Structure formats: C-alpha cells, structure tokens
Peer 1: 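Have a look at this one.
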Amino acid sequence: MNWRKLRVFLVTALVLCLIPLTRYYQIDQPLIRFLRGSRHVDPLSLHLSGEFVENNLGTEQEPDGSVTVRMIAQQYLFIPHCILVPAGVPVHLRITSADAVHSLTFNGTNYAVKVLPGTISEAQLQFPRPGDYKTTCREFCGAGHYAMRSELKVVPRDQFPALQAGERGNCAAQ
Ligand SMILES: [Cu+2]
C-alpha cells in the first residue's frame, strides 16, 4: 500500500467515524447505555414509566430524615412548579430534561444544576433557613427561556413531617 492510498483510507475512516457522532441522538447505543447504568432515562417516555412519572415527582421523605426531590425540566417550565423542602436537612435532587439542555439555579444561593435530556442529574443541596427562593433556568433553551421560572419553599424542619403525604410533594396546596 502506498502513502496516497493510506491517506485516502484514513480520511475515509475518519469521515465514517464522524457521521455517527453527528447523529448522536438518533442511534441506539447499547454499550453507552450499559456504561451509563441507572443514570440513563429515555426523555421521550418520562411521563409513561419509571422514576419520573407524574405522581412520583416532588419531595419524598427518606427514613433517615433527609428528602429526595424529583423534577423534570422542559421547555419552558419545571415540574413540579413549586417545591417544598424542610430547612436544615440534606436534599437529594434528581432531575432530568424532557427536551433541551437546561440549568436549574436557586437565586440567592450558589446552587446550579445542569440538566440534560437522557440522563439524571444529581445534586446534594441544603437550605439552612426557612424562606422562599426563586428558581430560574440559566441555560438558554429556546424562545420561552426567560419565562422558565419556578419556586422553592423551605419550611421549618419540625413542620415538614406534620404535613400530609399529599401536601409534602409540592407547595401547590399551601
Ligand atoms: Cu430552560
């Protein structure tokens, strides 16, 4: 094989490798899915099955006193729209996107969580004092990006367990 042929071969091989990369979201990748493990979710079926179905979203009390918050970010809202957590306890946030890349930020804090479709973003948060925080999307995600806001309500720690299970999930009832 002479150098010219080798060069043509290498360029062709490179181009053939680049095509699948540009079609990243259109191919099924069993190996990547396997390596990603449990953090992988299908953005198209979030509302149908799995961890992010509607009645599983919001705040859940864990046996050790901490809470887990599950959310979905989508153009142009966060679900649930208003979340409720107790003050001074660890908050495990699990959030995924139904469409574009978003970024959930809690105004007045340093917390910012990048949210990507196809994977679960996890963050450990803690809010020392009761209060209301505005949450906004800080990643330009489309025409309605600037309206993508929601709320976080931090209630006193002893008040939270007294709430009914249905009232803990989000602050719509408050
Ligand atoms: Cu957004």
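Since we're looking at a predicted model, the values are computed, not measured. Each ligand, and each atom within it, is numbered from 1 in the order the structure gives.
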Peer 1: Picking from L57, L93, T135, V115, what satisfies side chain to side chain contact (heavy atoms under 4.5 Å, CB included) with M71?
Peer 2: L93
Peer 1: Strictly under 2.8 Å of the Cu ion (ligand 1): which protein N/O/S atoms qualify?
Peer 2: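 Atoms qualifying: H102 ND1, C137 SG, C141 SG, M148 SD.
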Peer 1: Ignoring hydrogens and geometry, is there a side-chain-to-backbone donor-acceptor pair from S97 to A100 under 3.5 Å?
Peer 2: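 Yes; judged by distance alone, with no hydrogens or angles, the pair exists.
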Peer 1: Can a donor-acceptor pair be found, under 3.5 Å and without considering hydrogens, that links the side chain of H145 to the backbone of E139?
Peer 2: yes
Peer 1: Taking it one step at a time, do Q126 and Q124 satisfy side-chain contact (heavy atoms from CB on, under 4.5 Å)?
Peer 2: CA-CA 7 Å; Q126 190 154 338; Q124 307 295 331; over 6 Å; no
Peer 1: Within the supplied structure, the quantity of interest is the number of heavy atoms (other residues, nucleotides, ligands) at a distance under 6.0 Å from E122 CD; does it exceed 12?
Peer 2: yes
Peer 1: Parallel, tilted or perpendicular, judged at 30° and 60°: which one describes the rings of F106 and Y111?
Peer 2: perpendicular
